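Worksheet: the structure to be examined is printed underneath.
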Amino acid sequence: MKVGLILEGLPDRKVMEYLAKRINPEIKVVSRTLGKKPDLIADCGEIAKLLLELGCDRVIIVWDLFPAEWENPVRTKQLSIKKTRPACGQDRKRIKSELEKAAVDLCRVCLVCIDAMLETWLLTDIRAVNVVLSTKTRRANVKPPPKLERNQDPKTLMINVFRREGRGRKSVYSDVDDAIRIAKAIPKDSRDLNKLRKLDSFVQFERCIAND
């Protein structure tokens, strides 16, 4: 199966391509990054059409829920998850509208809204974060973040974890480099992705990748 991925940025691309291959080793992936959420929404229709024309069996569009209202990010920070969750539905409507404008078959497109952003996935299995932050002489012992599913800014949470627990270069979190390192550090045992499967958005992504 050949799948097209439409994503926001390079960290997302690295992690999603890796996880796709881990879920389905036989899959072929073609990715396109479109920048911040407004740009992704604006351009996803034509890019999805292009990916399908390139032979992709389906296209998966992945974006971050937060900032939920990119027109007014200050207001977003003042809202609770319960009040901003409908923004995911608003994003979906905008994306579907762009797909319809481009005459894309909606049955061949999967929409995955990450609540709240990539770092939510990465912090869900804290074992991987500890592997990345550990050194030969010191084993990191980061505890699972409380109420992670409610955290609107997990990237800042990750930055603070690296600053507090890391040493040297590892004390500075770089999503371009460290996000994929954390993803690759998720243990490969019989229950390897079970922690991630607690997240609805990951389950949706896994289903889109595994369903051939």
Side-chain angles (χ1 to χ4, degrees), residues 1-24 27-73 75-77 79 81 83-122 152-155 175-176 179-180 183 196 199-212:
M1 181 172 67
K2 185 176 181 180
V3 168
L5 291 178
I6 296 179
L7 309 157
E8 292 185 36
L10 182 57
D12 308 84
R13 180 175 184 169
K14 290 181 176 180
V15 171
M16 297 302 166
E17 287 183 351
Y18 168 75
L19 290 175
K21 286 285 188 178
R22 183 158 168 181
I23 294 166
N24 186 350
I27 203 170
K28 295 180 180 179
V29 179
V30 180
S31 300
R32 295 290 185 274
T33 55
L34 303 184
K36 295 182 179 180
K37 182 161 65 173
D39 299 317
L40 180 144
I41 292 175
D43 299 334
C44 66
E46 291 301 324
I47 299 302
K49 181 179 180 180
L50 174 62
L51 290 172
L52 292 172
E53 290 174 349
L54 290 174
C56 292
D57 298 287
R58 67 170 57 95
V59 171
I60 305 173
I61 302 176
V62 185
W63 73 99
D64 295 340
L65 172 60
F66 290 104
E69 294 177 315
W70 39 266
E71 301 93 339
N72 190 350
R75 180 168 175 260
T76 298
K77 294 180 181 180
L79 298 177
I81 286 283
K83 292 181 179 179
T84 54
R85 197 69 188 92
C88 181
Q90 295 167 11
D91 290 342
R92 287 177 179 272
K93 288 180 180 179
R94 293 184 180 121
I95 289 171
K96 287 182 178 179
S97 175
E98 295 301 325
L99 293 171
E100 289 171 347
K101 288 179 185 178
V104 173
D105 182 359
L106 297 183
C107 294
R108 298 177 66 187
V109 180
C110 298
L111 305 184
V112 178
C113 175
I114 299 181
D115 188 351
M117 57 185 68
L118 180 64
E119 281 73 18
T120 304
W121 285 18
L122 301 176
Q152 298 183 27
D153 192 4
K155 179 168 288 187
D175 56 2
V176 173
I180 185 59
L196 276 173
L199 302 174
D200 290 342
S201 56
F202 178 78
V203 171
Q204 293 170 7
F205 179 78
E206 184 177 32
R207 287 174 179 169
C208 294
I209 294 297
N211 181 15
D212 56 1

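Computed from a prediction, not measured in an experiment: that's the story for all the values here.
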Original post:
What is the minimum heavy-atom distance between R58 and C110, and which atoms define it?
Top reply: CD-SG, 4.1 Å

Original post:
Is a side-chain N or O of R108 found less than 3.5 angstrom from the main chain of L52, in a donor-acceptor match?
Top reply: no

Subject >> For K36, salt bridge (charged side-chain N to carboxylate O under 4.0 Å, His left out) partners two or more places apart >> reply: none

Original post:
For the atom pair CG (L111) and OG (S201), what is the distance rounded to the nearest 0.5 Å?
Top reply: 13.0 Å

**OP:** Can you run down the ring pair (Phe, Tyr, Trp, His ring centres under 6.0 Å) pairs that involve residues 33-53, sequence neighbours left out, and say none if there aren't any?
**Re:** none

Subject >> Point-to-point distance, once rounded to the nearest 0.5 Å, from CD of E206 to CG of N24 >> reply: 10.5 Å

**OP:** To the nearest 0.5 Å, tell me how far L51 CG sits from R32 CZ.
**Re:** 5.5 Å

Indicate every side-chain donor-acceptor pair of residues 9-16 with a distance under 3.5 Å to a residue at least two apart or in another chain.
unit_1, atom_1, unit_2, atom_2, d
D12, OD1, G9, N, 3.2
R13, NE, E17, OE2, 3.3
K14, NZ, V176, O, 3.0

Original post:
In Å and rounded to the nearest 0.5 Å, what is the CD1 to CE distance from I209 to M1?
Top reply: 6.0 Å

**OP:** Looking only at non-hydrogen atoms, find the nearest pair between K37 and E8 and report the distance.
**Re:** N-OE1, 3.8 Å

**OP:** Would you check if the side chain of K2 reaches a backbone N or O of L54 as a donor-acceptor pair within less than 3.5 Å?
**Re:** yes

Original post:
Which residue, L99, V112, L34, forms the side chain to side chain contact (heavy atoms under 4.5 Å, CB included) with I61?
Top reply: L99

Subject >> Heavy-atom closest contact (I114 atom, L118 atom, distance) >> reply: CG2-N, 4.1 Å

Original post:
Looking at NZ of K21 and NZ of K28, how far apart are the two atoms once the value is rounded to the nearest 0.5 Å?
Top reply: 8.5 Å

**OP:** Check whether any side-chain heavy atom of I6 lies under 4.5 Å from a side-chain heavy atom of W63, and answer yes or no.
**Re:** no

Subject >> Minimum-distance pair of heavy atoms, taken over all atoms of T120 and D115 >> reply: CG2-O, 3.4 Å

Subject >> Closest non-hydrogen atom pair, A116 against F66 >> reply: CB-CD1, 3.0 Å

**OP:** Over all heavy atoms of both residues, which pair between R94 and I41 is shortest? Give the atoms and the distance, please.
**Re:** CB-CG2, 3.6 Å

Subject >> CD1-CG distance between I47 and L40, expressed to the nearest 0.5 angstrom >> reply: 9.5 Å

**OP:** Could you walk me through whether F205 and L5 pass the side-chain contact (heavy atoms from CB on, under 4.5 Å) test, one step at a time?
**Re:** CA-CA 11 Å; F205 179 78; L5 291 178; 4.1 Å; yes

